[in-house]
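For the single chain, residues carry numbers from 1 onward in sequence order. Only heavy atoms go into these numbers, but all of them, side chains included; no hydrogens, no water, no symmetry mates.
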Amino acid sequence: MKEQQKGVVIWLLGHSGAGKSTLARLVAHRLETDGYRTLPLDGDVVRAGMNRDLGFSDADRLENIRRVAELCKILLEKDLIVICSFITPMQSHRDLLRKTLGDRYIEIYLECPIAICEQRDVKGLYRKARNHEIENFTGIGSDFEAPAAPDLLVPTAMWQADECADAIYHLTLETLAR
Ligand SMILES: Nc1ncnc2c1ncn2[C@@H]1O[C@H](COP(=O)(O)OP(=O)(O)O)[C@@H](O)[C@H]1O
Ligand SMILES: [Mg+2]
């Protein structure tokens, strides 16, 4: 592990299909190639396991984030670079993350118009939500509040994935250096 590695939580948020999982993989790969130790936490994986008792009500969405925030706090003690991919739809979720993790929390908003996310429909979920097969789907049956003050805004519908990964990678290195 790199000597100067410090614990940091790179929190990628945005609509389903905005590019969270894709960019988490790209950024983790770059950092690992540099010799940093990363730990990815993906919303889908966490919801399938640790948080499988939770649904998509407002209360459960907040509890989902709260548990992950506490887990991140533990992981920070080992100086890991934790890369999180969660929709994180409400400002109250981000406020809780900031309160729990302090200046180790780096908020990155993957901005992508919902129409583009729906066109991508990587997992076919938008189609299901439109057909009322899924309730409470973010952007359709459930709200998404744009972040008030992200540390970085990455327009994933305008930039190539590589360029987006570059921006996140550089902010991570800056954060580790400060
Ligand atoms: N600039 C970009 N950044 C990230 N993904 C992009 C970008 N442009 C196109 N894509 C595509 O958009 C999709 C994003 O899917 P995914 O990463 O699974 O989203 P999320 O995890 O946010 O639901 C992928 O198919 C990816 O190839
Ligand atoms: Mg994903």
A.B. asks: Kindly compute the distance separating CD1 (Ile108) from CG (Leu110), expressed to the nearest 0.5 Å.
C.D. replies: 7.5 Å
A.B. asks: Got Leu75 and Leu39 here, is their nearest side-chain heavy-atom distance under 4.5 Å?
C.D. replies: yes
A.B. asks: So, for Trp11 and Cys84, which heavy atoms are closest and what is the spacing to 0.1 Å?
C.D. replies: CE3-CB, 3.4 Å
A.B. asks: Given Arg127 and Asn131, is the side chain to side chain contact (heavy atoms under 4.5 Å, CB included) satisfied, shown in steps?
C.D. replies: CA-CA 6 Å; Arg127 194 181 47 76; Asn131 289 339; 3.7 Å; yes
A.B. asks: Partners of Phe56 by ring pair (Phe, Tyr, Trp, His ring centres under 6.0 Å), sequence neighbours excluded?
C.D. replies: none
A.B. asks: A side-chain contact here means heavy atoms from C-beta on lying under 4.5 Å apart; do Leu31 and Ile83 qualify?
C.D. replies: yes
A.B. asks: Can you list every side-chain hydrogen bond (donor to acceptor under 3.5 Å, both in side chains) pair that touches residues 44-57, not counting sequence neighbours?
C.D. replies: Asp44-Lys123, Asn51-Asn64, Asn51-Arg67, Asp53-Arg67
A.B. asks: According to salt bridge (Lys or Arg N to Asp or Glu O under 4.0 Å), who are the partners of Arg130, at least two apart in sequence or on a separate chain?
C.D. replies: Glu118
A.B. asks: Would you check if Gln5 and Ile81 make a side-chain contact, meaning some heavy-atom pair closer than 4.5 Å?
C.D. replies: yes
A.B. asks: What's the shortest heavy-atom distance between Leu41 and Val82, and which atoms?
C.D. replies: CD1-CG1, 3.8 Å
A.B. asks: Say you draw a straight line from OG of Ser85 to CG of Leu12; how long is it, rounded to the nearest 0.5 Å?
C.D. replies: 5.0 Å
A.B. asks: Where is the tightest heavy-atom contact between Phe86 and Val46, given as atom of each residue plus distance?
C.D. replies: CZ-CG2, 3.8 Å
A.B. asks: Pick one: which of Leu171, Leu173, Thr172 meets side chain to side chain contact (heavy atoms under 4.5 Å, CB included) with Thr175?
C.D. replies: Leu171
A.B. asks: Could you work out, with side chain to side chain contact (heavy atoms under 4.5 Å, CB included) as the rule, every residue matching Ala146, not counting sequence neighbours?
C.D. replies: Tyr109
A.B. asks: Is the shortest heavy-atom distance from the side chain of Tyr105 to the side chain of Cys72 under 4.5 Å?
C.D. replies: no
A.B. asks: CG of Leu97 to CZ of Arg66: how many Å apart, nearest 0.5 Å?
C.D. replies: 12.0 Å
A.B. asks: Apply side chain to side chain contact (heavy atoms under 4.5 Å, CB included) to Glu135 and list each qualifying residue two or more places apart in sequence or on a separate chain.
C.D. replies: none
A.B. asks: Connecting only ILVMFWY residues whose side-chain heavy atoms lie within less than 4.5 Å of each other, what is the rest of Leu62's hydrophobic cluster?
C.D. replies: Leu96
A.B. asks: How close do Gln91 and Ala148 get, heavy atom to heavy atom, and via which atoms?
C.D. replies: OE1-N, 3.1 Å
A.B. asks: To the nearest 0.5 Å, tell me how far Lys6 NZ sits from Leu80 CG.
C.D. replies: 15.0 Å
A.B. asks: Applying ring pair (Phe, Tyr, Trp, His ring centres under 6.0 Å), name anything that partners His15, two or more places apart in sequence or on another chain.
C.D. replies: Phe144
A.B. asks: Taking atom NZ of Lys128 as the centre, does the number of heavy atoms from other residues, nucleotides or ligands within less than 6.0 Å exceed 12?
C.D. replies: no
A.B. asks: Taking all atoms of both residues into account, what is the closest heavy-atom pair of Asp143 and Pro89, and its distance?
C.D. replies: O-CB, 3.5 Å
A.B. asks: Decide yes or no for Arg120 and Cys112: does some side-chain heavy atom of the first lie under 4.5 Å from some side-chain heavy atom of the second?
C.D. replies: yes
A.B. asks: Please say whether more than 12 non-hydrogen atoms of neighbouring residues, nucleotides or ligands are located less than 6.0 Å from CG in Asp58.
C.D. replies: no
A.B. asks: Do the non-hydrogen side-chain atoms of Tyr126 and Ile114 ever get within less than 4.5 Å of each other?
C.D. replies: yes
A.B. asks: Nearest 0.5 Å, what's the CD1-CG distance between Ile10 and Leu152?
C.D. replies: 9.5 Å
A.B. asks: Using the salt bridge (Lys or Arg N to Asp or Glu O under 4.0 Å) criterion, which residues pair with Arg25? Sequence neighbours excluded.
C.D. replies: none
A.B. asks: Could you note down all residue pairs passing salt bridge (charged side-chain N to carboxylate O under 4.0 Å, His left out) where residues 96-113 supplies at least one of them, sequence neighbours left out?
C.D. replies: Arg98-Asp151
A.B. asks: Please indicate whether Met50 has more than 12 foreign heavy atoms, meaning atoms of other residues, nucleotides or ligands, lying under 6.0 Å from its CE.
C.D. replies: yes
A.B. asks: Hey, what else clusters with Val122 if you join Ile, Leu, Val, Met, Phe, Trp, Tyr whenever side-chain heavy atoms sit under 4.5 Å?
C.D. replies: none
A.B. asks: Not counting sequence neighbours, list each pair that qualifies as a salt bridge (charged side-chain N to carboxylate O under 4.0 Å, His left out) and has a residue in residues 154-169.
C.D. replies: Arg30-Asp162, Arg30-Asp166
A.B. asks: List the residues meeting ring pair (Phe, Tyr, Trp, His ring centres under 6.0 Å) with Tyr169, not counting sequence neighbours, and say none if there are none.
C.D. replies: none
A.B. asks: Drop me the distance from Thr38's OG1 to His29's NE2, to the nearest 0.5 angstrom.
C.D. replies: 10.5 Å
A.B. asks: Would you name the heavy atoms of Ser21 and Asp42 that are closest together and state the gap between them?
C.D. replies: OG-OD2, 2.7 Å
A.B. asks: Can you confirm whether Ser16 sits close enough to Thr138 that some side-chain heavy atom of one is under 4.5 Å from a side-chain heavy atom of the other?
C.D. replies: no
